[in-house]
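Reading through the structure tokens given below for one structure.
Numbered from 1 within each chain, the chains take letters A, B, ... in sequence-line order.
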Amino acid sequence: MNKFENCPMIDSKSQTAMTLINQSIDYIKQNNVPKLNLIWLEATGCSGNIISLLNGENPGLYFLLKEMVNLKYDNSLSPYQGERAFEEFLEALNTEFILVVEGAISLKDGGLYSVFARYKGKIITTAKAVRMAADKAKYILAVGTCSSFGGISSASPNPSESISTFDYLNDKTVIRIPGCPAHPDWVTGTIAHLISFGMPLLDEKNRPLMFYSLTVHDGCTRRSFFNKGIFAQKLGDAECMFKLGCRGPVTKADCPIRKWNQYVNYPIGDNTPCIGCAQDNFPDGMEPFVRY
Amino acid sequence: MSNIIYINPITRISGFLEIEVKIENNEIVDAKSSGVLYRGFEKMLLGRSPLDAIYFTERICGICSTAHSMASALCLEDALKITPTLNSNLLRNIIHGCEFIQNHIRHFYQFVIPDYVKGPDIIGSSYSNNDYRLPDNLSYRINKNYIESLTFSRAAHEMIAVLGGKAPHNHGIFVGGVTCNIDSAKIIKLQSLLKSIKDFVNTKMLEDVYIISQYYSDYFNIGIGCKNLMTYGLFDFDDKSIFYVKPSVLINGMKYSFEKNNITENVFYSWYETQSNSVPFESPPDTNLNKKDAYSFVKAPRYKGYPMETGPLSRMYLSGIYKRGISAMDRIVARALEADKIIDIVENMLNMLEILPSNQDIYEIPDIAIGAGLTDTTRGSLAHYISIKDKKIEKYDIITPSTWNLSSRSENGTRGPVENALIGTYISSLSSPVEIGRIVRSFDPCISCATHVAVKDKKPIDFIIDIL
């Protein structure tokens, strides 16, 4: 799969989530491979990544769950509740599964600022549930910026004493899929790659190169304005927003090429600067988001 | 003989929630709702650039992020003395309206349906509770629509992205209105997407809601709650074709206009060290897990001292559109009817748009200012308050809809609306108390929002012994 000697932008374009997914479905069918299970845990965050996943199209959620993986647990979608829901989680741990964690891991007061379940009278913190699952997972994905880098959940002064899932599981190989939220293609595309080809090529921060090899600035639709030194004065203007505080030059993500929500738009296309939401020092190192 | 039942996690909501009920002779005699997730946004916001509050507070909640961008923008405009043009205001109300549509479709199909209909089997092993009443053909129909609904909730977020860059966490709503420059291509795209959503809601969703309400008509008699209703107003335009509801309250059966100075936020039973009940708070209170009598970190907002239910049923009732009553099933029915109502309003707003550039400006941040942004949003009444000093955020206070609905007791012991709605409910099977989840979910709780300042009881086991 290493075509890195070619133009990385062309790679990003050709390796869309859908082509990967078609490859993985062919692979599943031709090789009679059983579908992998998926456990999706929402930790200390806003649950925006599962909502973003629901926004996916080609593949959509239904396709993902029908053709690619068996979703064994997710707090937002599970039909169960209470102890029965936790038992579903426990049963899934005895299978071969991909673990997705969205949100950061809150460590304050023994993890009691983020509680996953109460089982047989005992409080199971989210930190504990993530550890239980990580110890048995075949692959681990930290989805979203909170899970990848701490993100907004660990913003100064970090009242919940949160750290990233990546740092919390520092004894494991964790793939980072940052973004606030993560684009659904980044998640399903990575899962598709894991199914058919195993580990994707990762950069030095464990991000899949197929989605994070370029900065937003590299592929920006307003790059020619930057090159000519024509800058926007305020939001709503059509020119380069570098001087308004755009973080595109330091943010690795393929937003300008891929675009969001059925590929219709992205923040710069909406006349607002990139705020660097997929980068490791978001939000504290990316502020102010807007300056004049 | 009494039993204590805990349900944790309450799944199919946004965020983490524990419900604890005390049951005697199969009847709920006491109830406590407890958010079990804490992040502390009000502390994080101190010292940051005021304009950043919009994109920052959105990230309180992944399912209703547009709500926070809306309230935060209103709050900043109040502080900066800025009034958006009508066209900009329409555009951002279209964005906000689409967030309602996305939420209401997802809440009904993905969050509510599994309580009433067996299947669809796309998640986990085959689930069953002991109270599924639909014949197979209707279960099949609704499960098919569960899958189909994913297309239309997604389309509502696509509409937000057309005007706001992306969803969740849009960039388009900003001080002064919006950042997008509207054109005919965008308008026709939005109209086309909205038409497909409208067809689905009218031909599928409303009928599915009707089916559920017929087979579970006993839920019109339970989960009633405090019966005090509130809205900060929504789409409060002079033009009737885009008007929905004025700021108003219903207390003891009497309707009054809403007055924001009547809001207090009580921490008597909450683990906070403050004597203040003023809104906004003087400063984010420090936590104290050993505080006497406290059992929750969810605060207790009150209106004239009353707990208030807020959300789609409150709005539909106070607007005079929905009159049947107040109950768990009324909340579900009113939410679906509201989706239909808001689709019509968004449709009319799209027809009123003019092709004008966005009204953005270079905004000067004052050295000192205060502002308030109150609006109704998907789950009910949302307030943001800001205080600016030296061009930075000095204080930021947020009261979310779910803080109202899931509030803890106030100093006179009055329960919050969800707690109150559970009291008196007959539980058919103690081993499978389906009634509890159904009642709680009828409020569409968002714990990511409600507990941006809440934490969990540190000594849950001791606490059980106390109330036994």
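Of all heavy-atom pairs between A/Ser47 and B/Ser14, the closest is CB-OG, 4.1 Å. Closest approach of B/Pro9 and A/Asn75 over heavy atoms only: CB-OD1, 3.6 Å. When all heavy atoms of B/His171 and A/Pro273 are compared, the closest pair comes out as CE1-O, 3.3 Å. The heavy-atom pair separating B/Thr11 from A/Ala85 by the smallest distance is CG2-CB, 4.2 Å. Closest heavy-atom contact between A/Pro157 and B/Met44: CD-CA, 3.8 Å. Contact detail for A/Gly236 and B/Ser358: the closest heavy-atom pair is CA-OG, 3.7 Å.
Atom CD1 of A/Ile275 sits about 7.0 Å away from atom OH of B/Tyr55, to the nearest 0.5 Å. Considering CG of B/Asn8 and CD1 of A/Ile124, their distance stands at 9.5 Å, rounded to 0.5 Å. For the atom pair CD1 (B/Ile365) and CZ (A/Arg291), the distance works out to 14.5 Å, reported to the nearest 0.5 Å. Within the model, atoms CD of B/Gln360 and NZ of A/Lys234 stand 7.5 Å from one another, a figure rounded to the nearest 0.5 Å. Separation of atoms OG (A/Ser156) and CG (B/Leu46) is listed at 9.5 Å; rounding is to 0.5 Å. In this structure, B/Asn170 CG and A/Trp260 CH2 are separated by 12.5 Å, a value rounded to the nearest 0.5 Å.
Proximity to chain A is limited to the side chain of B/Leu51, based on heavy atoms less than 4.5 angstrom apart. At a 4.5 Å heavy-atom cutoff, the contact between B/Gln102 and chain A is made by side-chain atoms alone. With a 4.5 Å cut-off on non-hydrogen atoms, B/His157 touches chain A through its backbone and its side chain both. Interface remark: B/Pro357 contributes no atoms to any contact with chain A (heavy atom separation under 4.5 Å). For B/Leu163, the part lying under 4.5 angstrom from a heavy atom of chain A is the backbone only.
Side-chain contact check for B/Met159 versus A/Asn261: every heavy-atom pair is 4.5 Å or farther apart. When side chains are defined from C-beta on, B/Glu158 counts as touching A/Val264, because their heavy atoms get closer than 4.5 Å. Under the 4.5 Å side-chain criterion, counting only non-hydrogen atoms from C-beta, A/Ile152 is in contact with B/Phe56. Between B/Tyr363 and A/Val290, the closest side-chain pair of non-hydrogen atoms is not below 4.5 Å.
The most heavy-atom pairs under 4.5 Å with chain A, out of B/Glu364, B/Arg59, B/Lys189, B/Gln110, come from B/Arg59. Between chain B and the options A/Glu57, A/Glu83, A/Glu161, the largest number of non-hydrogen pairs under 4.5 Å is found for A/Glu57. For the set B/Gly164, B/Ser49, B/Gly15, B/Ala156, the count of heavy-atom pairs under 4.5 angstrom toward chain A peaks at B/Gly164. Contact count versus chain B (heavy atoms, under 4.5 Å) is highest, among A/Ser114, A/Ala117, A/Ala104, for A/Ala117. Contact count against chain B (heavy-atom pairs under 4.5 Å) is highest for A/Tyr266 among A/Phe86, A/Tyr266, A/Tyr119.
Side chains of B/Thr179 and A/Asp270: a donor-acceptor N/O pair is present below 3.5 angstrom, by distance only. Using modelled atom types and a 3.5 Å distance limit, the side chains of A/Ser160 and B/Arg39 yield no donor-acceptor pair.
For the pair A/Asn55 (side chain) and B/Arg154 (backbone), a donor-acceptor distance under 3.5 Å is absent. Side-chain atoms of A/Ser76 do not come within 3.5 Å of backbone N or O of B/Arg12 as any donor-acceptor pair. No side-chain donor-acceptor contact under 3.5 Å links B/Asp52 to the backbone of A/Glu287. With hydrogens and angles ignored, the 3.5 Å screen pairs no side-chain donor or acceptor of A/Arg118 with any backbone N or O of B/Glu18.
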Legend entry - side-chain contact (heavy atoms from CB on, under 4.5 Å) between A/Leu54 and B/Leu150, intermediate numbers included: CA-CA 7 Å; A/Leu54 291 174; B/Leu150 295 167; 4.1 Å; yes
